[in-house]
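Computed from heavy atoms alone, side chains included, the values below leave out hydrogens, waters and symmetry copies. Below, chain A is the first sequence line, B the second, and so on; all start at residue 1.
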There are 2 protein chains.
Amino acid sequence: MTSHTVIIIEDEKQTRRFLRLSLEAEGYHVFEAETGGEGLKAVASRKPDMVIIDLGLPDMDGVEVVKKLREWSTIPIIILSARSEEKEKIIALDVGADDYLTKPFGTGELLARIRVALRRAISNEQAGNGTFSIADLTIDLIHRKITKMGEEIHLTPIEYRLLSVLAQHQGKVLTHSFLLKEVWGPNQMDNAHYLRIYMSQLRHKLEKEPVRPRYILTEAGVGYRFAVE
Amino acid sequence: MTSHTVIIIEDEKQTRRFLRLSLEAEGYHVFEAETGGEGLKAVASRKPDMVIIDLGLPDMDGVEVVKKLREWSTIPIIILSARSEEKEKIIALDVGADDYLTKPFGTGELLARIRVALRRAISNEQAGNGTFSIADLTIDLIHRKITKMGEEIHLTPIEYRLLSVLAQHQGKVLTHSFLLKEVWGPNQMDNAHYLRIYMSQLRHKLEKEPVRPRYILTEAGVGYRFAVE
DNA sequence: TATCACCTTTACGTAATCTTTACACTTTCC
DNA sequence: GGAAAGTGTAAAGATTACGTAAAGGTGATA
């Protein structure tokens, strides 16, 4: 099982440290960003599973960060707010944040909120139990585990994200630009070649006959799709 | 069931009389208008279920009436044209008319066209699910999947685009230039031969007897249409 | 600072698709 | 009846898209 990745966008050093320690103790993989701009870049490049954003950032309003993020991503967002930031907190939730924590908060509350947000994100994407299977393949989105004939298969982060997007839209043809946006972010939308490389890798890891794929199907000139049945 | 209301915009008294009698015998509710201007007003005030427009009107070109009507209404429009009005007929279809009848025409043909246009309008209102079906054919625009008797059929990008345009205007006559613009873009509008090639390919993939097509119908000199029911 | 896993870039053979060309058939009009 | 225009089909040529391997880069980790 791969651990979930969280990005913390927070300017105060001590809060950052507290968050990192609390999350790493639970097995999360943590990255930090000190400013909004930095944070947005980090989300685009690292593709975390969730983001924690402090509302009182120096360069950019936390609300702005949430808004910008929501232009292309549905990633879970939890905001941290001081008691004085009541109004902004509401606005941040309005523009798409998932949940909030009012400082000061304890570790237990923090972790509970994170678990809820992650679970909701997964079940939102796939109404159901978060697992898919086709023939001898199973994809468990909650535990981030892929098995082929019972054996676990190791996927790199990009491979995993690509496969989970495909699986969540099982049967539907996903265009190149959609897949690129979902997996690599909005800055790589013209790089369709990445898809070919990673589709090839996925096929070699998942398919019996990578040359004649049964799961990952190509729609020439359009995109790819994950087979049903 | 309430009877459908039809407005006839036609200057010749005898044609008007013929239409009125034919339609009223079928239970339609009929209003008449002698000029384009009058007709437009009547459509606005009486809110009919469809309009029949003669192309040879005294005050305003029939094409103009169609154009003006389409600025605010999606009501089904059938045009009546003399043999000499071939060009205007195509323009009228291009600007949004649904179907046409070339004089002289019989009652049977008239009523059949009216039924098709009304049915199309009704199914358009209830549309939105993104799937179409006719006989043993289903077109799933969401999953980008075509099936014939349950079996999936592979289409190339152009074939798919062409079929989806046809299906989305089921029952309506689509001119060559309209189809070319929709599928190949505005730079290929004179290349009507592409249509023949791809219509042939579609028929061979979709029809039981490609030589006697049931779904993809040719309107000689005008364009194509996708059959209803 | 060396190593490792991963991502990105580059290169090239193959496959799928689109366009062009050719020709037979049908309908329409003189 | 014959020419002309419109239509359908087949097959070649041209173009674009795809899959794969392998080298180069990057960042995390110890």
Side-chain angles (χ1 to χ4, degrees), chain A residues 2-3 5 7 20 24 28-33 41-42 44-48 153-163 173-177 179-180 183-185 187-207 209-213 215-225, chain B residues 83-84 86-87 89-90 102 153-163 175-177 179-180 183-185 187-207 209-213 215-225:
Chain A
T2 324
S3 68
T5 301
I7 285 187
R20 171 184 279 280
E24 284 183 343
Y28 293 103
H29 200 184
V30 178
F31 291 105
E32 302 177 7
K41 269 191 240 164
S45 60
R46 304 208 187 272
K47 303 291 168 343
I153 295 201
H154 173 74
L155 297 183
T156 72
I158 286 190
E159 286 165 1
Y160 176 81
R161 246 177 286 138
L162 191 51
L163 179 63
V173 175
L174 305 177
T175 63
H176 295 137
S177 60
L179 288 167
L180 286 166
V183 177
W184 278 267
N187 301 322
Q188 305 284 35
M189 304 253 295
D190 45 358
N191 233 331
H193 187 56
Y194 289 179
L195 289 175
R196 293 190 205 110
I197 294 164
Y198 280 90
M199 291 297 178
S200 169
Q201 286 171 192
L202 277 178
R203 281 170 176 156
H204 280 85
K205 288 186 177 182
L206 304 178
E207 303 264 6
E209 301 175 278
V211 189
R212 232 162 312 112
Y215 310 134
I216 297 173
L217 310 178
T218 302
E219 294 285 333
V222 181
Y224 294 85
R225 123 173 97 111
Chain B
R83 294 234 174 271
S84 60
E86 196 68 12
K87 269 204 186 124
K89 180 178 82 184
I90 291 178
T102 305
I153 296 203
H154 173 76
L155 298 183
T156 71
I158 286 189
E159 287 165 0
Y160 178 82
R161 247 179 290 147
L162 191 51
L163 179 63
T175 63
H176 294 138
S177 59
L179 287 167
L180 286 166
V183 177
W184 278 267
N187 302 322
Q188 302 287 78
M189 304 257 293
D190 45 357
N191 232 331
H193 187 55
Y194 288 179
L195 287 176
R196 292 188 206 110
I197 293 165
Y198 279 89
M199 291 296 181
S200 168
Q201 285 171 193
L202 276 178
R203 281 170 175 157
H204 280 84
K205 288 186 175 181
L206 303 178
E207 304 264 5
E209 302 175 276
V211 189
R212 231 162 315 111
Y215 310 134
I216 296 172
L217 310 179
T218 302
E219 295 284 333
V222 179
Y224 295 85
R225 106 164 79 197

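Of the listed nucleotides (D/dG8, D/dA21, C/dT9), D/dG8 has the atom at the smallest distance from the side chain of B/Tyr224. Side-chain proximity of B/Arg196 to D/dT9, C/dC18, C/dC7: nearest is D/dT9. The nucleotide whose nearest atom lies closest to any side-chain atom of A/His29 is, among C/dC18, C/dC6, D/dT29, D/dT29. For A/Ala220, taking side-chain heavy atoms from C-beta onward, the closest of the listed nucleotides D/dA21, C/dC18, C/dA16 is C/dA16. Looking at the side chain of A/Ile197, the nearest of the listed nucleotides D/dT20, D/dT7, C/dT17 is D/dT20. Here the side chain of A/Arg46 is nearest to one of D/dT20, D/dG27, D/dG19, namely D/dG27. Side-chain proximity of B/Val211 to the nucleotides C/dT8, C/dT19, D/dT9 is greatest for D/dT9. Looking at the side chain of A/Thr218, the nearest of the listed nucleotides C/dT17, C/dC6, D/dG19 is D/dG19. Nearest to the side-chain atoms of A/Ser200 among the listed nucleotides D/dT20, D/dT9, C/dA16 stands D/dT20. Candidate nucleotides C/dT8, D/dA10, D/dC18 were compared by shortest atom distance to the side chain of A/Gln188, and C/dT8 ranks first.
If you take CD of A/Gln201 and P of D/dT20, they are 11 Å apart, rounded to a whole angstrom. The interatomic distance linking B/Leu195 (CG) with C/dT19 (P) rounds to 12 Å, in whole Å. Rounded to an integer number of Å, the gap from A/Arg203 CZ to D/dA21 C1' is 16 Å. Rounded to an integer number of Å, the gap from CG of B/Leu217 to P of D/dG8 is 11 Å. Rounded to whole Å, atom P of C/dC18 lies 15 Å from atom NE2 of B/His193. Rounding to whole angstrom units, OH of residue A/Tyr194 and C1' of D/dG25 are separated by 12 Å. In this structure, B/Arg212 atom CZ and D/dT9 atom P are separated by 12 Å, rounded to whole Å. Look at CD on A/Glu209: it is 12 Å from P on D/dT20, rounded to the nearest Å.
Considering only side-chain N and O atoms, A/Trp184 lies under 4.0 angstrom from the phosphate OP1 or OP2 of C/dT8. For A/Tyr198, no side-chain nitrogen or oxygen approaches OP1 or OP2 of D/dG19 to under 4.0 Å. In this structure, A/His176 reaches the D/dC18 phosphate: one of its side-chain N or O atoms is under 4.0 Å from OP1 or OP2.
In this structure a side-chain-to-backbone donor-acceptor pair under 3.5 Å is present from B/Glu159 to B/Thr156. Side-chain atoms of B/Arg161 come within 3.5 Å of backbone N or O of B/Val183 as a donor-acceptor pair. In this structure a side-chain-to-backbone donor-acceptor pair under 3.5 Å is present from B/Lys205 to B/His154.
The two residues B/Ile216 and B/Pro213 make their nearest non-hydrogen contact at O-CB, 3.3 Å.
Aromatic ring pairs are classed by plane angle as parallel below 30°, tilted from 30° to 60° and perpendicular above 60°; the pair A/Trp184 and A/Tyr198 is perpendicular.
Side-chain polar atoms of A/Thr218 and A/Arg203 form a donor-acceptor pair below 3.5 angstrom.
Residue-to-nucleotide proximity on DNA chain C shows that, of A/Asn191 and B/Thr156, the 5′-proximal contact is made by A/Asn191. Of the two residues near DNA chain C, B/Arg83 and B/Pro157, the one whose nearest nucleotide lies more 5' is B/Pro157.
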